[in-house]
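Note that the coordinates shown come from a computational prediction; the quantities given were computed from them, not determined experimentally.
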Amino acid sequence: MRVLVRTLMLLSVCVPLLAYDFKACEKRAELSMQRIGNTYGIAVQSTQYSKPVLFVYSPYATPRGYRILKHDPFLGMYLLETRRTLEPVEIKAIHSEMLEDEIASVNPQNSVSGKIVRRMQSPIDYAKLNTPTFKNSLMSTVCDSVYGIGIGKNSFIEKEYLERFLNSASVYYGDIGVRVIQNADNAVEVNVVDPFFKNNPFKFGDVIRSVNGAMTPNVPSFRHIVFDLKEGSVVPVEIVRNGAVMEVSVRVDKLRGGMLLKDDFLSRVHIDIDDNFVITRVGEGAQNGFERLKVGDKVLRVNQRDVPQGYEAIIRLLGEYPDMRQRWLIARNNFQFFIDVNDNKAKFSGESFNEGLLNEYTRFSF
């Protein structure tokens, strides 16, 4: 008996357990996937449509030859109309017990398996596998158990975030007027303040501890909370500013840029600029002083301060006067003059305008 036990123990060490053969899942995937260019569309069910639709992750190219039903430009996700009858996949939620299980990235021609090393933490902080995934592939433990959609590199999208896109009536992400980084102390710190976000209460360097009562220990948790905030709601935010803990309130707006899109902080005031702070567009909705600008105007100073080079540096300067009236020194056709922008606001920046700038008598309104 002892000999038999020892023999079995030796075999368990020397002979590895047989891995699941995901090749069988490739054939199964053909029932739910359709070739689109050099990738695949995956048949899914959406509450917004009566028939199955095709999900495609394509962040840098628009799928051709198919009717686009929905597009998330922030993340590069599409829903397309199908051309033939496909069996929609049912995406299941990942549970903790399966984190040690083998999971594969599967399409009709290939499969590769590995283990989950990170769960998805926000719409843009994807789940990770310890091996590369195929773009637009099924993440399966067995052929009939799909736990997400692979998007390339070693990333995949989990059920909760897929359904957010599939079942929502429109594409929406919340915004509270800041962009954040994980600082050297491993805290969430404000590094960009949206200069024209209404009643923006934040300052550069604020450390955000919680949003709407939920702790924000890292940037992914901040994104997870903020992106789901309801537009127009007023939420409390606990911050640390200059060593003091305080609470501020902010009214949530919709996100207008970021992720795959350029952060478009100036769309709120209907203008565009280049890296030299030259006005490149003045939209029909421009008001509160911005309508006085013309394409080709160059901004030389903001509230007595010289304008830096580069879009990010310009936004950082403007962000030091969030939702405040600002005085811009403009050069137009070899003539310089002042324009006040955001001049319907009660707050004022408090800067002096009498040192080194043009006299008030040379200020014109256009």
Side-chain angles (χ1 to χ4, degrees), residues 74 121-125 172-259 263-269 288-289 302-305 308 311-328 340-353:
F74 294 94
Q121 301 173 69
S122 85
I124 199 170
D125 296 286
Y172 167 82
Y173 298 95
D175 185 11
I176 60 172
V178 295
R179 302 295 179 267
V180 298
I181 59 170
Q182 199 89 17
N183 68 14
D185 296 323
N186 210 31
V188 176
E189 180 179 316
V190 173
N191 76 324
V192 176
V193 177
D194 188 332
F196 303 114
F197 191 96
K198 188 172 179 59
N199 298 322
N200 197 326
F202 298 103
K203 294 184 177 181
F204 294 108
D206 285 349
V207 170
I208 297 180
R209 295 175 53 168
S210 70
V211 177
N212 204 27
M215 299 302 295
T216 54
N218 51 47
V219 172
S221 65
F222 172 86
R223 292 171 178 155
H224 176 84
I225 296 163
V226 171
F227 286 166
D228 280 343
L229 293 174
K230 184 179 179 180
E231 183 177 5
S233 62
V234 177
V235 299
V237 182
E238 185 179 280
I239 64 172
V240 179
R241 179 180 294 167
N242 299 324
V245 178
M246 62 182 68
E247 185 176 282
V248 298
S249 295
V250 61
R251 185 177 296 277
V252 180
D253 196 6
K254 64 181 178 182
L255 190 68
R256 298 165 187 264
M259 294 186 267
D263 260 319
D264 188 9
F265 299 106
L266 298 174
S267 66
R268 299 183 192 280
V269 293
N288 302 328
V302 173
N303 292 1
Q304 285 274 46
R305 298 177 60 179
Y311 182 85
E312 291 183 4
I314 292 168
I315 293 300
R316 185 176 180 87
L317 170 61
L318 297 178
E320 294 188 30
Y321 311 98
D323 201 34
M324 296 176 179
R325 178 158 55 100
Q326 301 174 10
R327 182 163 294 177
W328 291 4
D340 283 354
V341 296
N342 259 16
D343 62 3
N344 70 328
K345 309 299 179 185
K347 293 189 295 180
F348 191 60
S349 64
E351 293 284 338
S352 170
F353 303 106

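- Residues passing the side-chain hydrogen bond (donor to acceptor under 3.5 Å, both in side chains) test with Glu312: none are found, sequence neighbours excluded.
- Listed by chain and residue number, Arg164 satisfy the salt bridge (Lys or Arg N to Asp or Glu O under 4.0 Å) test with Asp228 (two or more places apart in sequence, or in another chain).
- No side-chain heavy atom of Asn342 sits under 4.5 Å from any side-chain heavy atom of Tyr321.
- Annotation: salt bridge (Lys or Arg N to Asp or Glu O under 4.0 Å) contacts of Asp253 (sequence neighbours excluded): Arg256, Arg268.
- With sequence neighbours excluded, the residues that form a side-chain hydrogen bond (donor to acceptor under 3.5 Å, both in side chains) with Ser122 are Asp125.
- Not counting sequence neighbours, the partners of Tyr173 by the ring-ring contact (aromatic ring centres under 6.0 Å, His included) test are Phe74, Phe227.
- In this view, Gln182 and Asn186 satisfy the side-chain hydrogen bond (donor to acceptor under 3.5 Å, both in side chains) rule, not counting sequence neighbours.
- Between the CG atom of Asn199 and the CZ atom of Arg251 there is a distance of 8.0 Å, given to the nearest 0.5 Å.
- Partners of Val192 according to the side chain to side chain contact (heavy atoms under 4.5 Å, CB included) rule, which considers only residues two or more places apart in sequence or in another chain, are Arg179, Phe265, Ile315.
- Here the closest non-hydrogen pair linking Pro201 and Ser249 is CG-O, 3.6 Å.
- In this structure, the side chains of Met246 and Ile239 come closer than 4.5 Å at one or more pairs of heavy atoms.
- No side-chain heavy atom of Asp194 sits less than 4.5 Å from a side-chain heavy atom of Val178.
- With sequence neighbours excluded, the residues forming a salt bridge (Lys or Arg N to Asp or Glu O under 4.0 Å) with Glu320 are Arg305, listed by chain and number.
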For this session: Begin from the C-alpha positions of Asn200 and Val193 and carry the test side chain to side chain contact (heavy atoms under 4.5 Å, CB included) through to its verdict.
Result: CA-CA 8 Å; Asn200 197 326; Val193 177; 3.6 Å; yes
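- With sequence neighbours excluded, the residues that form a side chain to side chain contact (heavy atoms under 4.5 Å, CB included) with Asn183 are Asp185, Ala187, Glu189, Val207.
- Under the side chain to side chain contact (heavy atoms under 4.5 Å, CB included) test applied with Ile176, the options Val248, Val226, Leu255 reduce to a single match, Val226.
- Ionic pairing of Lys198 and Asp323 is not present here: no N-O contact between side-chain nitrogen and carboxylate oxygen is shorter than 4.0 angstrom.
- Under the rule for a side chain to side chain contact (heavy atoms under 4.5 Å, CB included), the partners of Asn212 that lie at least two apart in sequence or sit in another chain are Leu229, Val235, Pro236.
- The distance from the CG atom of Asn303 to the CH2 atom of Trp328 is 10.0 Å, given to the nearest 0.5 Å.
- Val252 places none of its side-chain heavy atoms less than 4.5 Å from the side chain of Asp175.
- Sequence neighbours left out, the pairs with a member in residues 206-220 that pass salt bridge (Lys or Arg N to Asp or Glu O under 4.0 Å) are Asp206-Arg241, Arg209-Glu238.
- Comment: Arg325 engages Asp340 in a salt bridge, judged by a side-chain N to carboxylate O separation of less than 4.0 angstrom.
- Side-chain atoms of Ser210 and Val237, non-hydrogen and from C-beta on, never get closer than 4.5 Å to each other.
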Problem set entry | Intermediate values then yes/no, side chain to side chain contact (heavy atoms under 4.5 Å, CB included), Val341 and Asn288 | CA-CA 6 Å; Val341 296; Asn288 302 328; over 6 Å; no
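- Rounding to the nearest 0.5 angstrom, the gap separating the CD1 atom in Ile208 from the CZ atom in Phe222 is 4.5 Å.
- Phe202 pairs by the ring-ring contact (aromatic ring centres under 6.0 Å, His included) definition with nothing, not counting sequence neighbours.
- The heavy-atom pair separating Asp343 from Gly289 by the smallest distance is OD1-N, 4.0 Å.
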